[in-house]
Amino acid sequence: MRNTKTTVLTVLMALVMTFCLAACGNSDKPEDTDLTGTTWALSGGSQGGTTVDKATLENLLGGEMTYTFAEDGKVTLALSGAEVEGTWSQDGNSVSLDIQGDTGTMTIDGDKLLLEQSGVTVEFTKK
């Protein structure tokens, strides 16, 4: 069991540390949530049936991770006190990001913003 948790934590940490921006996601219901002017904080993650809570992920990362979506199409990714800027656009529940040349998609699913890749999901909630 410990080996499985270690593997899941390692995968989640690697996914978050590389900003997971090569993600793809689906949702059966379209959302009309406009991200403009909002900030979303890391709230947890999962792989298969195993979940990892916010405190565990923040402990692994050394602090909070957030995405802030500005009106001018700019996004700021903050992780452990460091900030990186990029651009974003939204089409329904799909959010396209470009941060320092890394591009990817996040999905709005109700009150969550999700990064999904290779069976791993990292979720963010609005601050």
Side-chain angles (χ1 to χ4, degrees):
M1 180 68 167
R2 178 154 167 66
N3 191 24
T4 300
K5 278 188 175 183
T6 301
T7 301
V8 169
L9 287 174
T10 301
V11 170
L12 284 172
M13 187 172 150
L15 197 62
V16 171
M17 292 298 288
T18 60
F19 307 129
C20 320
L21 294 176
C24 62
N26 295 315
S27 180
D28 293 336
K29 60 179 182 176
E31 295 291 331
D32 58 1
T33 302
D34 182 6
L35 297 182
T36 303
T38 63
T39 298
W40 295 71
L42 178 68
S43 57
S46 64
Q47 180 180 29
T50 304
T51 60
V52 179
D53 63 24
K54 174 184 175 178
T56 301
L57 289 173
E58 286 182 348
N59 187 43
L60 289 169
L61 296 171
E64 183 178 44
M65 179 180 183
T66 62
Y67 284 94
T68 301
F69 298 90
E71 286 184 35
D72 59 2
K74 302 245 188 234
V75 63
T76 302
L77 170 61
L79 176 60
S80 304
E83 292 186 352
V84 180
E85 291 190 351
T87 59
W88 72 283
S89 63
Q90 182 177 351
D91 182 13
N93 69 338
S94 180
V95 181
S96 298
L97 300 169
D98 183 335
I99 298 179
Q100 295 186 335
D102 287 326
T103 60
T105 304
M106 299 174 91
T107 304
I108 301 169
D109 186 7
D111 63 348
K112 296 178 176 129
L113 187 59
L114 306 175
L115 286 171
E116 298 176 282
Q117 182 176 4
S118 304
V120 176
T121 301
V122 180
E123 72 182 44
F124 298 81
T125 53
K126 193 187 300 187
K127 285 182 85 173

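This structure is a prediction, so every number in the text was calculated from the model and none was measured.
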If we ignore hydrogens and angles and just use 3.5 Å, is the side chain of [X] paired with the main-chain N or O of [Y] as donor and acceptor?
X     : Y      : result
Ser43 : Glu123 : yes
Asp53 : Thr56  : yes
Ser80 : Leu61  : yes
Thr38 : Leu35  : yes

Taking the side chain as every heavy atom from C-beta outward, state whether [X] and [Y] have any atom pair closer than 4.5 Å.
X      : Y      : result
Ile108 : Val95  : yes
Leu97  : Tyr67  : yes
Leu115 : Phe124 : yes
Asp34  : Gln90  : yes

Nearest-0.5 Å distance, [atom1] of residue [X] to [atom2] of residue [Y]:
X      : Y      : atom1 : atom2 : result
Glu116 : Met106 : CD    : CE    : 10.5 Å
Leu113 : Leu42  : CG    : CG    : 11.0 Å
Leu77  : Gln100 : CG    : CD    : 9.0 Å
Ile99  : Glu85  : CD1   : CD    : 10.0 Å
Leu114 : Thr105 : CG    : OG1   : 12.5 Å

- Task: Please name the pair of heavy atoms, one in Thr36 and one in Glu71, separated by the smallest distance, quoted to 0.1 Å.
- Result: CG2-CG, 3.2 Å

- Shortest non-hydrogen contact between Leu57 and Gly44, atoms and distance: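 Smallest heavy-atom distance, with atoms named: CD1-C, 3.6 Å.
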
- Which residue pairs pass the ring pair (Phe, Tyr, Trp, His ring centres under 6.0 Å) test with at least one member in residues 73-123, sequence neighbours excluded? Phe69-Trp88

- Under 3.5 Å, is there a donor-acceptor pair between the Asp91 and Ser94 side chains? no

- Item | salt bridge (charged side-chain N to carboxylate O under 4.0 Å, His left out): pairs with one or both residues in residues 61-70, sequence neighbours excluded | Glu64-Lys127

